[in-house]
Amino acid sequence: MRMQVAIIGGGPSGLLLAQLLHKRGIESIVLERKTKEYVLSRIRAGVLEWGLCSLMDEAGVGARMRCEGIVHDGTIISHGDTAFRIDFDALTKASVMVYGQTEVTRDLYDAREAAGGRIDFEVEDVTIGGADTDAPFVEYRMGGEARRIDCDFIAGCDGFHGVSRQAIPLDVRREYEKLYPFGWLGILSETPPVHHELIYAGSERGFALCSMRNENLSRYYIQCSMSDRPEDWTDAAFWQELKRRIPAEHADTLVTGPSIEKSIAPLRSFVCEPMRWGRLFLCGDAAHIVPPTGAKGLNTAASDVNYLFRGLLQYYDQGDATGIDTYSQQALARVWKVERFSWWFSSLIHRYPDQSPFDLKMQRAEIDFLRTNEAAQRAMAQNYVGLPY
Ligand code: RFL
Ligand code: PHB
């Protein structure tokens, strides 16, 4: 079969790209390795930059987000019992939206189904062919049957463990990686959030984050050891540790309850260059990973989708390949800035196993500078609400 664009991966990147293209009359197929239920069961990001919110509107999937999402004009940063607020609205005249990745993905699936767009689930053995020619194709198996899609372009939206990145030859591909010596243990609980804004808490016992999905669904994280397993942590032990890391005024009012999800995520910074090889374009986690501090993973996936969508539109509408030819440079210029912010924020607020007394003093001085310097706060706020596309 023939399609204009073959999209590998039915996560938020692939689905958003498919929906934006469809709105402008460009047809695509989405190939997803898992079932829809599995994709929707993954609990991931919770904070959307205004740029992603606008893209959802443009894709025609913003209505529920605009209605049920919670606008946040600031966030709290604490160290021990010292806490201060970064006022996004006053510093940047912008804000972020708290609306879970699960809901974003659900809205995109609903729109795709309503539009009759093709998604093949539970695909296996996906391989990319001819990406460096004018006749690219994707081959895969579904239900034991071999299939082939001939297309103009391939979008590799298949996440960090996907096959798309591996299709770029090793002598072309350059990868940059940093692993952090700790993980995040996260829980979801049907309890009211401890505070109406997110709290990023540094402490001598390690980092903690108080986040939320809605007024009766809270998401909390604590920095943990890489060797910990979720089953090592009872709910009671989790709540106790969280309370010891956040300011006393919040620890005292924290409402606890049973966890309905508990998982550990490693922290990694990763970038693959280039993000384009011939007619193959990488988007989102397929090309880069950030540590979750600052909530940039999903948002950076969306900015890639934005550049690729506009490039494809320019190609199909005007016969102009400039946008797709400059995709990799444009996307990477923003990706590296986001990598820097996520690395900086992670370094600011975690305890590292090998930190010297000098390193700890530097970390405290950096937090104190941020607490007292408006220019530093503005730079932080600009990055948090999202750099321009
Ligand atoms: P995704 O969401 O990983 O989707 C990729 C999709 O591709 C499918 N796939 C394949 N399909 C076909 N053939 C193959 N060979 C395939 N290989 C894989 C997968 O099944 C999947 O459905 O990537 P995408 O779309 O680029 O979206 C990126 C975001 O999901 C990601 O950046 C964020 O979720 C990162 N992230 C977080 N970001 C935040 O901003 N805040 C968070 O709190 C946060 N928590 C997380 C996270 C990522 C995690 N991962 C990847 C382990 C927590 C976790 C656990
Ligand atoms: C979340 O709600 O899952 C979340 C929020 C902010 C982050 C990371 C994760 O920086």
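Since this is a predicted model, take the numbers as computed values, not measurements.
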So, are [X] and [Y] salt-bridged, with charged N and O less than 4.0 Å apart?
{"X": "Arg148", "Y": "Asp150", "value": "yes"}
{"X": "Arg213", "Y": "Glu103", "value": "no"}
{"X": "Asp158", "Y": "Arg165", "value": "no"}
{"X": "Arg64", "Y": "Asp107", "value": "yes"}
{"X": "Glu58", "Y": "Arg310", "value": "yes"}
{"X": "Arg173", "Y": "Glu175", "value": "yes"}
{"X": "Lys262", "Y": "Asp235", "value": "yes"}

Problem set entry | Nearest-0.5 Å distance, NE2 of residue His79 to CG of residue Leu348 |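 So the gap between those two atoms works out to 8.5 Å.
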Problem set entry | Rounded distance [0.5 Å steps], CD in Glu241 versus CD1 in Ile246 |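 Interatomic distance, Glu241 CD to Ile246 CD1, rounded to 0.5 Å: 11.0 Å.
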Quick one: side chains of residues 87-95, donor-acceptor pairs under 3.5 Å with protein atoms, not counting sequence neighbours, listed by atom name and distance.
| unit_1 | atom_1 | unit_2 | atom_2 | d |
| --- | --- | --- | --- | --- |
| Asp87 | OD1 | Asp89 | N | 3.3 |
| Asp87 | OD1 | Ala90 | N | 2.9 |
| Asp87 | OD2 | Arg85 | NH1 | 3.3 |
| Thr92 | OG1 | Phe88 | O | 2.6 |
| Thr92 | OG1 | Ala94 | N | 3.1 |

For the student: nearest non-hydrogen atoms of [X] and [Y], plus distance:
{"X": "Ile349", "Y": "Ser78", "value": "CD1-O, 4.3 Å"}
{"X": "Arg141", "Y": "Ala146", "value": "NH1-CB, 3.9 Å"}
{"X": "Ile86", "Y": "Ala381", "value": "CG2-CB, 3.9 Å"}
{"X": "Ser164", "Y": "Ile8", "value": "OG-CD1, 3.8 Å"}

Is the distance from the ring center of [X] to that of [Y] below 6.0 Å?
{"X": "Phe207", "Y": "Phe182", "result": "no"}
{"X": "Phe270", "Y": "Tyr176", "result": "no"}
{"X": "Phe153", "Y": "Tyr315", "result": "yes"}

In terms of hydrophobic clustering (I, L, V, M, F, W, Y; side-chain heavy atoms under 4.5 Å; direct or indirect links), are [X] and [Y] co-clustered?
{"X": "Ile324", "Y": "Leu17", "answer": "yes"}
{"X": "Val385", "Y": "Phe341", "answer": "yes"}
{"X": "Met212", "Y": "Tyr220", "answer": "no"}
{"X": "Met275", "Y": "Val5", "answer": "yes"}
{"X": "Leu217", "Y": "Ile70", "answer": "no"}

For this session: Only counting residues at least two apart or in another chain, list the ones meeting side chain to side chain contact (heavy atoms under 4.5 Å, CB included) with Gln318.
Result: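 Expected list: Gln314, Asp320.
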Problem set entry | Listed partners of Asp132 passing side chain to side chain contact (heavy atoms under 4.5 Å, CB included), at least two apart |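 Side chain to side chain contact (heavy atoms under 4.5 Å, CB included) check on Asp132 returns Trp277.
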Is [Y] close to [X] at the side-chain level, that is, under 4.5 Å between some pair of heavy atoms?
{"X": "Thr293", "Y": "Leu267", "value": "yes"}
{"X": "Ile76", "Y": "Tyr200", "value": "no"}
{"X": "Cys224", "Y": "Ile264", "value": "yes"}
{"X": "Leu55", "Y": "Leu20", "value": "yes"}
{"X": "Trp233", "Y": "Asp228", "value": "yes"}
{"X": "Phe309", "Y": "Leu21", "value": "yes"}
{"X": "Arg268", "Y": "Pro291", "value": "no"}
{"X": "Thr191", "Y": "Thr256", "value": "no"}

Residues [X] and [Y]: side-chain donor-acceptor under 3.5 angstrom:
{"X": "Trp344", "Y": "Glu366", "value": "yes"}
{"X": "Ser356", "Y": "Asp359", "value": "yes"}
{"X": "Ser328", "Y": "Gln330", "value": "no"}

Distance-only check: which donor-acceptor pairs under 3.5 Å involve side-chain atoms of residues 278-289, not counting sequence neighbours?
| unit_1 | atom_1 | unit_2 | atom_2 | d |
| --- | --- | --- | --- | --- |
| Arg279 | NH1 | Asp152 | O | 2.8 |
| His288 | NE2 | Asp304 | OD2 | 2.6 |

Exercise. Considering residues at least two apart in sequence or located in another chain, which fulfil the salt bridge (Lys or Arg N to Asp or Glu O under 4.0 Å) criterion with Glu339?
Worked result: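 Expected list: none.
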For this session: Applying salt bridge (Lys or Arg N to Asp or Glu O under 4.0 Å), name anything that partners Glu113, two or more places apart in sequence or on another chain.
Result: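 For Glu113, the residues satisfying salt bridge (Lys or Arg N to Asp or Glu O under 4.0 Å) (neighbours in sequence not counted) are Lys36.
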For this session: Report the residues that fulfil side-chain hydrogen bond (donor to acceptor under 3.5 Å, both in side chains) with Ser203, sequence neighbours left out, ordered by chain and then residue number.
Result: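 Checked Ser203 against side-chain hydrogen bond (donor to acceptor under 3.5 Å, both in side chains); zero matches.
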For this session: Any chance you could lay out the side chain to side chain contact (heavy atoms under 4.5 Å, CB included) test for Ile29 and Ile7, step after step, and finish with the verdict?
Result: CA-CA 6 Å; Ile29 180 169; Ile7 300 175; over 6 Å; no
For this session: Mind jotting down which residue pairs meet the side-chain hydrogen bond (donor to acceptor under 3.5 Å, both in side chains) criterion with at least one end in residues 8-30? Sequence neighbours excluded, please.
Result: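 Counting only pairs at least two positions apart or across chains, the side-chain hydrogen bond (donor to acceptor under 3.5 Å, both in side chains) contacts touching residues 8-30 are His22-Glu27.
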Output side-chain donor-acceptor pairs under 3.5 Å for residues 38-49, partner residues at least two apart or in another chain, one line each.
| unit_1 | atom_1 | unit_2 | atom_2 | d |
| --- | --- | --- | --- | --- |
| Ser41 | OG | Tyr38 | O | 2.7 |
| Glu49 | OE1 | Arg334 | NH2 | 3.1 |
| Glu49 | OE2 | Lys296 | NZ | 2.7 |

Exercise. For Val338, does its backbone N or O pair with a side-chain atom of Asn383 as donor and acceptor, under 3.5 Å?
Worked result: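 Judged by distance alone, no pair lies under 3.5 Å.
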Problem set entry | Donor-acceptor contact below 3.5 Å, side chain Gln363 vs main chain His350 |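 Yes, because the side chain of Gln363 sits within donor-acceptor range (under 3.5 Å) of the backbone of His350.
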Problem set entry | Test side chain to side chain contact (heavy atoms under 4.5 Å, CB included) applied to Val194 and Ile199, step by step | CA-CA 9 Å; Val194 67; Ile199 304 173; 4.2 Å; yes
Exercise. Would Val104 and Tyr109 satisfy side chain to side chain contact (heavy atoms under 4.5 Å, CB included), going step by step from the backbone distance to the final call?
Worked result: CA-CA 9 Å; Val104 172; Tyr109 271 126; over 6 Å; no
Problem set entry | Contacts of Tyr307 that satisfy ring pair (Phe, Tyr, Trp, His ring centres under 6.0 Å) - sequence neighbours left out |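 Residues passing ring pair (Phe, Tyr, Trp, His ring centres under 6.0 Å) with Tyr307: none at all.
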Exercise. Can you name the ring pair (Phe, Tyr, Trp, His ring centres under 6.0 Å) partners of His195, sequence neighbours left out?
Worked result: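 Expected list: His250.
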Exercise. What do the steps show when you test Phe84 against Leu370 for side chain to side chain contact (heavy atoms under 4.5 Å, CB included), and what is the final call?
Worked result: CA-CA 9 Å; Phe84 59 97; Leu370 182 63; 4.0 Å; yes
Only distances under 3.5 Å count here; give the side-chain donor-acceptor pairs of residues 115-131 to other protein atoms, sequence neighbours excluded, each with its distance to 0.1 Å.
| unit_1 | atom_1 | unit_2 | atom_2 | d |
| --- | --- | --- | --- | --- |
| Arg118 | NE | Asp120 | OD1 | 3.0 |
| Arg118 | NH2 | Asp120 | OD2 | 3.0 |
| Asp120 | OD2 | Tyr140 | OH | 2.7 |
| Asp120 | OD2 | Arg147 | NH1 | 3.1 |

Problem set entry | cation_pi(Lys178, Tyr180) dist<6.0 Å, angle<=45 |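 Checked: cation-pi criterion met.
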